[in-house]
Amino acid sequence: MYDTNRLENAVGQDDIKISARKVQVFYGDKHAIKDVDVDIQDKTVTAFIGPSGCGKSTFLRCINRMNDTIPIARIEGDIKLDGEDIYDKRVDPVQLRARIGMVFQKPNPFPKSIYDNVAYGPRIHGLSRNRAELDEIVERSLRGAALWNEVKDRLQEPGTGLSGGQQQRLCIARAVATSPEVLLMDEPCSALDPIATGQVEELIEQLRQEFSVVIVTHSMQQAARVSQKTAFFHLGNLVEYGDTDDIFTKPQDSRTEAYISGRIG
Ligand SMILES: Nc1ncnc2c1ncn2[C@@H]1O[C@H](COP(=O)(O)OP(=O)(O)OP(=O)(O)O)[C@@H](O)[C@H]1O
Ligand SMILES: [Mg+2]
């Protein structure tokens with residue numbers, strides 16, 4: 001299938017944040033991810049693209065062990081964060097998810113105030129010593145998510161009272177509040193209008209100055225706009241991975257070519 005040696009030659013080892021090898025996922029008898037090898041680079045936006053049901057979300061959830069919460073899911077293979085096995089028995093998945101944050105397709109703020117949504121992670125992970133420090137984290141995270149100016153006077157109001165686009169930016173603020181090293185985003189703009197989508201895309205560009213972002217998207221325009229690396233999945237296989245420009249202009253595999261030209265999908 002896809003050649004790991006070529007990949008390792010193409011990517012400087014120092015820049016690798018996440019390294020996956022021979023990853024398989026089964027839901028009962030269903031083999032949803034087949035032998036996936038990939039290196040995700042630091043300070044880079046990586047897009048996962050491919051037809052519905054090809055395993056993008058499943059593979060994304062492997063990276064912060066969200067599949068652990070699905071009883072019938074079984075994962076094999078190896079995923080390392082900075083060279084450390086994230087499936088090691090000594091790794092606490094809750095701690096891991098503070099380092100590898102996630103934003104979902106539908107904005108899912110907690111039924112709490114705007115402030116408490118953002119303060120949630122820092123509180124459970126003990127990231128602040130006092131209220132002033134917590135206030136600082138909340139403000140920094142909301143600024144980072146380009147939401148501060150819209151909510152600074154209503155921090156005690158419920159997060160669920162915000163517009164859809166604001167709720168999604170609140171969820172991004174919640175995810176960045178624990179200072180993650182990687183942010184996983186599963187179709188983060190699919191419930192947003194073009195203006196809110198533009199804001200989230202700008203935000204992604206800023207976030208990658210600090211850490212690596214992996215985004216699942218059905219929009220090839222979006223993948224081309226926001227990412228530097230693209231991985232194309234098809235029927236549970238990672239068919240092709242490379243520089244976004246190359247994937248979109250000179251795909252090596254006929255399945256990638258068919259997908260990006262709209263013949264499968
Ligand atoms: N919780 C689950 N239980 C059983 N099967 C599942 C579960 N989640 C996903 N699958 C199956 O695994 C395969 C991959 O699904 P996945 O959701 O990862 O695809 P996807 O690429 O994210 O699709 P989409 O673009 O529609 O979101 C599909 O065949 C799907 O039906
Ligand atoms: Mg999905």
Side-chain angles (χ1 to χ4, degrees), residues 1-2 4 7-8 11-28 30-48 50 54-105 108 120-122 124-127 171-172 174-188 204 207-208 210-216 227-231 233 236-238 241:
M1 172 94 335
Y2 132 108
T4 313
L7 172 83
E8 280 168 355
V11 175
Q13 294 287 329
D14 293 347
D15 303 336
I16 296 171
K17 192 68 192 170
I18 288 169
S19 156
R21 290 293 178 275
K22 297 200 175 321
V23 175
Q24 321 274 345
V25 181
F26 301 86
Y27 295 109
K30 160 111 196 143
H31 196 177
I33 288 292
K34 299 167 186 164
D35 214 14
V36 166
D37 289 352
V38 70
D39 285 330
I40 308 280
Q41 284 181 269
D42 200 13
K43 300 199 163 103
T44 300
V45 180
T46 302
F48 288 177
C54 67
K56 303 176 297 294
S57 298
T58 298
F59 186 67
L60 195 73
R61 289 195 300 262
C62 291
I63 301 175
N64 70 346
R65 293 186 52 176
M66 282 298 281
N67 287 324
D68 288 19
T69 63
I70 301 175
I72 61 164
R74 183 162 61 80
I75 295 120
E76 291 176 10
D78 204 46
I79 300 184
K80 293 196 167 86
L81 171 66
D82 289 337
E84 285 172 44
D85 178 9
I86 66 162
Y87 283 92
D88 188 288
K89 285 191 180 61
R90 286 164 298 187
V91 172
D92 172 1
V94 175
Q95 296 287 345
L96 178 75
R97 290 177 205 136
R99 296 177 65 190
I100 308 182
M102 193 157 194
V103 174
F104 299 85
Q105 181 168 2
N108 59 346
Y120 182 83
I124 61 169
H125 295 290
L127 301 183
C171 293
I172 294 171
R174 183 176 67 190
V176 301
T178 56
S179 302
E181 296 162 53
V182 180
L183 185 62
L184 309 175
M185 308 180 101
D186 197 350
E187 300 186 50
I204 290 170
L207 296 176
R208 88 163 168 105
E210 288 171 60
F211 46 80
S212 84
V213 178
V214 185
I215 178 173
V216 172
S227 73
Q228 293 77 50
K229 295 277 178 186
T230 294
F233 289 81
N237 296 301
L238 175 46
Y241 170 68

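As the structure is a prediction and not an experimental result, all values here were calculated from the model.
- Separation of atoms NZ (K30) and CZ (R74) is listed at 14.0 Å; rounding is to 0.5 Å.
- At least one side-chain heavy atom of I70 sits less than 4.5 Å from a side-chain heavy atom of R61.
- For A175 against L183, the heavy-atom pair with the smallest separation is CB-CD1, 3.6 Å.
- Heavy-atom minimum distance, V103 versus P188: CG1-CB, 4.3 Å.
- R97 places none of its side-chain heavy atoms less than 4.5 Å from the side chain of T178.
- Between V23 and I33, the shortest heavy-atom distance links the atoms O-CG2, 3.4 Å.
- The main-chain N or O of T58 is found under 3.5 Å from a side-chain atom of N67 such that the two form a donor-acceptor pair.
- In this structure, the separation between CD1 on I215 and CZ on R208 is 13.0 Å, given to the nearest 0.5 Å.
- Between N108 and R174, the closest side-chain pair of non-hydrogen atoms falls below 4.5 Å.
- Checked by atom type and distance alone, the side chain of Q24 pairs as donor or acceptor with a backbone atom of D35 at under 3.5 Å.
- Heavy-atom minimum distance, I86 versus R65: O-NH1, 2.9 Å.
- Between the CG atom of N64 and the CE atom of M66 there is a distance of 6.0 Å, given to the nearest 0.5 Å.
- Looking at V38 and K229, their side chains never come closer than 4.5 Å, going by heavy atoms from C-beta outward.
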- Just do the side chain to side chain contact (heavy atoms under 4.5 Å, CB included) check on M185 and I204 with the steps written out, would you? CA-CA 10 Å; M185 308 180 101; I204 290 170; 3.8 Å; yes
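- Ion pair R21/D39 flagged as a salt bridge, since at least one NZ, NE, NH1 or NH2 atom sits closer than 4.0 Å to an Asp/Glu carboxylate oxygen.
- Here the closest non-hydrogen pair linking Y87 and C62 is OH-O, 2.8 Å.
- Judged by distance alone, with hydrogens and angles left aside, the side-chain atoms of K56 form a donor-acceptor pair with the main-chain N or O of G50 at under 3.5 Å.
- Taking the six-membered ring where the residue is Trp, F59 and F48 present tilted rings, their angle falling between 30° and 60°.
- With rounding to the nearest 0.5 Å, the separation of OG in S212 from CD1 in I100 is 8.5 Å.
- Counting heavy atoms from C-beta outward, Y241 and D37 have side chains that stay 4.5 Å or more apart.
- Considering V182, D15, I18 as possible partners of I40, the one that fulfils the side-chain contact (heavy atoms from CB on, under 4.5 Å) test is I18.
- A distance-only check finds no donor-acceptor pair linking the side chain of D78 to the backbone of A20 [under 3.5 Å].
- The distance from the NZ atom of K43 to the CD atom of E181 is 10.5 Å, given to the nearest 0.5 Å.
- The pair K17-D82 meets the salt-bridge criterion, with a side-chain N (NZ, NE, NH1 or NH2) lying under 4.0 Å from an Asp/Glu carboxylate O.
- Counting all heavy atoms, side chain and backbone alike, L184 lies closest to L60 at CD1-O, 3.5 Å.
- Rounded to the nearest 0.5 Å, atoms CD1 (I63) and CG (L81) are 10.0 Å apart.
- Side-chain N or O atoms of Q228 include one that pairs as donor or acceptor with a backbone N or O of V45 at under 3.5 Å.
- Enclosure of atom CZ in F104 by more than 12 non-hydrogen atoms of other residues, nucleotides or ligands within 6.0 angstrom is indicated.
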